[in-house]
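Take a look at the structure set out below.
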Amino acid sequence: MKIRTMIRHVREGFKNITRNGWMTFAAVGSVVVTLLILGVFLTLALNLQAFTKDVEAQVQMDVIVQQGTSRSDIDSLEERLKSLSGVKSVQFVSKEDGIQILKEKLKDNADLLTGLELENPLPDKFVVKAADPRDTLQFAEQIRTFPFVDKVKDGKDVVEKLYNVIDVIRWVGGGLVIGLVFTAIFLISNTIKITIFARRREIEIMKLVGANNWFIRWPFFVEGLLMGALGALIPISLIALGYSYAVDAFKNTLIMVLPLEGLIMQVGGFLLLIGAIIGTFGSAFSVRKFLKV
Amino acid sequence: MKIRTMIRHVREGFKNITRNGWMTFAAVGSVVVTLLILGVFLTLALNLQAFTKDVEAQVQMDVIVQQGTSRSDIDSLEERLKSLSGVKSVQFVSKEDGIQILKEKLKDNADLLTGLELENPLPDKFVVKAADPRDTLQFAEQIRTFPFVDKVKDGKDVVEKLYNVIDVIRWVGGGLVIGLVFTAIFLISNTIKITIFARRREIEIMKLVGANNWFIRWPFFVEGLLMGALGALIPISLIALGYSYAVDAFKNTLIMVLPLEGLIMQVGGFLLLIGAIIGTFGSAFSVRKFLKV
Amino acid sequence: MKQWTHTRSNSLKCLVEDVSKAMIEMQDVWKTYPNGVSALRGIDVKIGRGEFVYVVGSSGAGKSTFIKLMYREVRPSKGSIFVNGFNVEKLKEGKIPLMRRQIGVVFQDFKLLPQLTAAENVAFAMEVIEAPRKKIKTRVKEVMELVGLGSKLNALPNQLSGGEQQRVAVARALVNHPAVIIADEPTGNLDPETSWEIMHLFNKINQQGTTIVMATHNKEIVNTMKQRVLAIEDGQIVRDERMGAYGYED
Amino acid sequence: MKQWTHTRSNSLKCLVEDVSKAMIEMQDVWKTYPNGVSALRGIDVKIGRGEFVYVVGSSGAGKSTFIKLMYREVRPSKGSIFVNGFNVEKLKEGKIPLMRRQIGVVFQDFKLLPQLTAAENVAFAMEVIEAPRKKIKTRVKEVMELVGLGSKLNALPNQLSGGEQQRVAVARALVNHPAVIIADEPTGNLDPETSWEIMHLFNKINQQGTTIVMATHNKEIVNTMKQRVLAIEDGQIVRDERMGAYGYED
Ligand SMILES: Nc1ncnc2c1ncn2[C@@H]1O[C@H](COP(=O)(O)OP(=O)(O)OP(=O)(O)O)[C@@H](O)[C@H]1O
Ligand SMILES: Nc1ncnc2c1ncn2[C@@H]1O[C@H](COP(=O)(O)OP(=O)(O)OP(=O)(O)O)[C@@H](O)[C@H]1O
Ligand SMILES: [Mg+2]
Ligand SMILES: [Mg+2]
């Protein structure tokens with residue numbers, strides 16, 4: 001193909017956007033709305049994922065040291081725990097710290113414990129966190145076999161329930177996002193298909209006048225790319241705007257939200273990618289049907 | 001309008017579905033996918049709402065009775081609490097019950113409390129639930145003024161945080177549902193608009209041949225209604241099927257899901273309504289633009 | 001062969017209606033299209049009830065524009081138009097279809113509904129006036145046979161030859177026995193023999209009192225069937241002859 | 001006025017090409033449309049390089065079908081078709097455009113691209129063969145002036161009169177100096193004078209060696225410009241005369 005022909009195709013692609021005015025407008029409208037909903041969803045899903053990661057990261061286990069273990073044995077146990085690959089942090093909590101913490105837990109009824117400081121029945125312990133919280137229960141099994149370890153409290157019941165809930169949230173969230181991605185792909189390519197169906201006579205005429213398939217396809221490629229990109233830029237801007245308000249609104253509240261820049265790069269990049277790819281190939285693919293003349 | 005004309009319009013509406021074969025097919029495809037995503041969302045949102053209601057329903061307050069209050073005074077306090085309008089349940093927890101509960105709470109460290117039974121330092125209390133959990137804090141204020149009440153533990157901090165989280169979930173969920181409803185309306189009517197735009201010449205011809213606006217509109221009404229209804233029935237069936245699996249899958253798990261029948265009635269009814277209304281009026285409305293001939 | 005006087009006498013049958021008033025009247029009509037093309041410039045013309053008028057002129061002279069004004073496909077930039085008592089420009093929106101039902105139009109580009117069969121296309125014009133189904137069926141068959149398409153009832157427009165499509169358009173214009181038939185080049189895609197059949201049909205209908213306005217390039221037809229001829233050049237009526245001829249020599 | 005012998009002598013210029021072979025050849029070609037209509041029944045015909053052939057026949061006889069076979073708009077049910085050395089039916093998909101670029105077609109229904117202006121429509125046929133932009137611009141202007149539309153370059157098809165649209169279709173068919181021009185009723189919407197201008201144009205092009213096949217209903221043209229006449233009736237060639245006449249009397 002000659003360069004001037006390539007230039008011609010790009011020029012025609014641009015012109016077609018305005019030539020088909022109303023129809024292109026409507027189609028881009030559909031792309032915008034579809035990608036907007038997808039983008040809002042991705043934004044929420046990414047935040048939800050960050051939130052569940054955060055919750056998971058709080059999972060830890062108490063490694064209870066046997067009563068009467070010597071300081072040096074405790075130190076060597078600490079070394080051993082720290083040397084486990086995949087362990088993120090090991091924090092020593094002495095029996096004295098333990099009483100304080102228990103008191104805080106009982107709050108109003110803390111006075112029940114007065115006097116216990118003198119003959120402290122609590123053990124020394126280590127609070128251990130795994131780098132990957134999902135390994136916690138496994139580490140617990142392993143640590144139980146270590147010397148000087150009385151028992152390991154991994155809160156198995158609670159942790160398993162927590163994982164259960166998090167897994168459901170992730171599956172549902174992930175399923176929705178994937179479903180929405182496919183929905184968006186379908187809706188965008190379907191809309192483009194309809195607009196091209198409405199122009200099938202023109203494609204037929206072009207073929208009858210001697211155009212080959214690529215000559216006809218190229219301007220549709222360009223047009224589709226433009227429509228997709230245009231249809232992505234609008235929702236990206238809207239989401240960036242809306243999200244920056246949300247970040248402000250949730251500042252100083254319990255709810256943690258991801259920072260604007262990184263999120264917009266991810267969501268925006270993805271929307272632009274979908275818009276451009278589906279726009280381009282959706283239109284090229286739909287044209288194919290009418291090229292058999 | 002004569003009856004035979006009405007019959008003719010209905011017949012033409014049905015025929016048009018097949019006459020425009022491919023295009024109608026594509027348009028119904030878009031309606032199906034749009035309503036499917038909306039339906040899945042509504043299903044999740046309804047379940048989420050039920051879940052948050054459930055969590056809210058667990059909010060309660062402890063009304064601590066002053067030490068040494070006589071049994072009859074306690075009884076009259078109970079009467080008084082029960083007579084408050086808007087209070088759902090009032091449960092008496094004696095100091096003895098209190099120790100048991102505390103022991104369970106401390107679990108492994110329960111032995112710390114041995115001996116406390118003899119000189120029980122815990123107070124008697126009432127556990128009070130409001131019919132509308134949101135009124136709990138207000139009731140707490142009110143109950144604090146009652147005689148023989150030492151203090152009211154309403155867990156204000158925690159409850160307020162909980163409400164905060166629930167409110168965010170509801171706002172986000174509600175916002176998404178409303179957003180999706182509008183998205184669906186836009187996408188469906190836009191798709192129909194494009195298909196009608198592709199047939200604008202026909203509308204023009206009809207007018208030039210002497211058809212009046214209603215004569216042209218009626219078959220489009222019927223066609224739009226059919227497309228909308230068809231486009232709603234498919235996702236309703238899919239959601240019913242998928243949801244019945246979900247109900248089975250979540251049986252005997254932590255996650256509570258709403259029963260199939262009620263949900264499908266609500267979601268299905270809504271989708272059918274949207275499909276039919278947008279189908280009918282979307283097409284009639286789009287036709288209007290081309291009637292000015 | 002029909003004569004103008006003949007036509008006149010036929011129109012006497014319509015005395016009960018307002019014969020004194022013209023069937024079609026244009027007063028100082030101008031048309032400039034939005035792109036600046038001035039298609040008609042000061043048209044003044046009266047066409048009586050029962051007349052048969054040829055509109056001739058070179059390609060792009062303004063014949064179709066002149067014709068499209070009559071049923072309000074095109075709106076004049078200036079001037080007034082009366083058709084069968086309707087003031088076409090002052091008509092309320094709801095009345096436009098009523099006006100159009102008085103007129104059978106053969107469009108230059110046929111304007112058939114592509115999704116409907118030949119018979120359905122013709123039937124459409126009758127459904128619009130809410131005729132009973134049975135009557136539609138018999139009448140549609142009748143006119144389709146009149147134009148020689150009795151065997152093509154169920155063909156879609158794109159399954160018909162150019163001339164067949166044109167005859168469907170003719171059939172649709174006739175089907176409701178309109179007061180006026182306006183035909184824009186109705187024989188452009190027909191062979192001479194078929195053209196003459198259509199012309200004889202128009203003639204017969206005209207003799208029954210229908211006003212006919214027909215734009216045409218067919219010199220032979222115009223010259224043979226001596227009727228009134230309106231010649232349009234460059235947007236103006238340059239000739240208006242009773243019993244005229246096509247009048248261009250090459 | 002041109003004679004068949006004249007045409008022959010012109011085609012001698014093409015001796016370097018394969019003159020012995022016909023430009024267009026059909027061997028026992030049949031066409032039955034999917035709906036069962038049998039449009040062509042056993043067509044055998046040879047059209048030599050540089051010939052000028054009129055195809056006549058009544059409406060629905062099969063002229064357009066005959067013509068559409070040549071550039072593969074319609075596929076035969078049976079038989080083989082050769083155009084300028086291409087075996088039209090055996091052609092690989094990728095070669096079809098190459099074959100079509102040898103042929104300039106004036107379609108009966110014009111087939112103009114509605115979104116493009118008159119000039120852009122004509123230019124399209126040149127863009128397809130990747131002609132340089134400047135050459136396109138000058139050549140498009142040239143042919144548009146040849147068909148008398150020098151002032152309508154920027155009008156969209158729906159802003160043109162019927163005859164003007166038809167002439168844009170003619171201009172598009174000429175623009176690439178094709179080896180064959182196939183014209184289906186190219187003067188159906190033109191007044192006699194403009195028709196003659198187009199015919200003189202075709203004549204000149206034919207004298208330069210271009211083969212021309214033209215379906216027409218215009219008796220006057222056929223009878224005046226004595227050329228080969230193929231008469232099709234009911235899907236069969238019923239007459240094939242050198243220097244023939246339209247040959248139907250009404
Ligand atoms: N796509 C089609 N499907 C079915 N039948 C068709 C189709 N195209 C044409 N026909 C039929 O085939 C026959 C020949 O049609 P064709 O278009 O070749 O006629 P024609 O000679 O060009 O007529 P005209 O002078 O009216 O243009 C006609 O009876 C027509 O109805
Ligand atoms: N919609 C339009 N917009 C702009 N210009 C137009 C439009 N329709 C027609 N014209 C121009 O107005 C002039 C008259 O057009 P009209 O269609 O009335 O011609 P005509 O006499 O019917 O010609 P033909 O015999 O070719 O059909 C022409 O120059 C044409 O280009
Ligand atoms: Mg015209
Ligand atoms: Mg034909």
Side-chain angles (χ1 to χ4, degrees), chain C residues 33-37 39 56-65 107-110 147-149 151-152 154-167 184-185 187-200 215-222 224 233 246-250, chain D residues 33-37 39 56-65 107-110 147-149 151-152 154-167 184-185 187-200 215-222 224 233 246-250:
Chain C
Y33 282 106
N35 67 351
V37 174
V56 302
S58 52
S59 174
K63 301 180 296 298
S64 296
T65 306
F107 304 92
Q108 189 171 11
D109 55 355
F110 315 154
V147 299
L149 291 177
S151 63
K152 296 282 177 189
N154 296 319
L156 290 170
N158 68 11
Q159 297 173 333
L160 292 172
S161 80
E164 287 164 350
Q165 290 177 38
Q166 189 155 43
R167 283 179 282 159
D184 196 350
E185 203 98 48
T187 62
N189 285 275
L190 298 178
D191 57 290
E193 201 177 346
T194 313
S195 297
W196 277 112
E197 280 164 21
I198 296 296
M199 289 318 300
H200 291 313
T216 187
H217 291 311
N218 197 319
K219 197 156 67 175
E220 194 184 333
I221 287 178
V222 176
T224 313
E233 268 329 312
Y246 190 89
Y248 294 87
E249 295 313 312
D250 42 290
Chain D
Y33 282 106
N35 67 350
V37 174
V56 302
S58 53
S59 175
K63 302 180 296 300
S64 296
T65 306
F107 304 92
Q108 190 170 11
D109 56 353
F110 317 154
V147 299
L149 291 178
S151 64
K152 294 285 178 186
N154 295 320
L156 290 170
N158 69 9
Q159 296 174 335
L160 293 172
S161 81
E164 287 164 348
Q165 289 177 36
Q166 189 155 44
R167 285 179 280 158
D184 198 349
E185 204 96 49
T187 62
N189 284 274
L190 298 179
D191 57 291
E193 200 177 349
T194 313
S195 298
W196 277 113
E197 280 164 21
I198 296 295
M199 290 318 299
H200 291 314
T216 186
H217 291 310
N218 196 318
K219 196 156 69 170
E220 193 183 335
I221 286 177
V222 176
T224 312
E233 265 333 311
Y246 190 89
Y248 294 86
E249 296 313 312
D250 45 290

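Residue numbering restarts at 1 for every chain, and letters A, B, ... go by the order of the sequence lines. Being a predicted model, the structure only gives us computed values, none of them experimental.
- Side-chain atoms of D:His217 never come within 3.5 Å of backbone atoms of C:Gly188 as a donor-acceptor pair (strictly under, hydrogens ignored).
- By the side-chain hydrogen bond (donor to acceptor under 3.5 Å, both in side chains) test, C:Asp191 is found to be paired with C:Thr194, residues two or more places apart in sequence or in another chain being considered.
- Proximity to chain D (any heavy atom under 4.5 Å) is shown, for C:Lys63, by neither the backbone nor the side chain.
- With a 4.5 angstrom heavy-atom cutoff, D:Asn35 touches chain C only via side-chain atoms.
- In terms of heavy-atom pairs under 4.5 Å with chain D, the best-connected choice from C:Ser195, C:Gly163, C:Gly62, C:Ala155 is C:Gly163.
- For C:Glu185, the part sitting under 4.5 Å from any heavy atom of chain D is the side chain, from C-beta outward, and nothing else.
- Both the backbone and the side chain of D:Ser59 come within contact range of chain C, with heavy atoms under 4.5 Å apart.
- Applying the side-chain hydrogen bond (donor to acceptor under 3.5 Å, both in side chains) test to C:Ser64 and every residue at least two apart in sequence or in another chain returns C:Gln108, C:Asp184.
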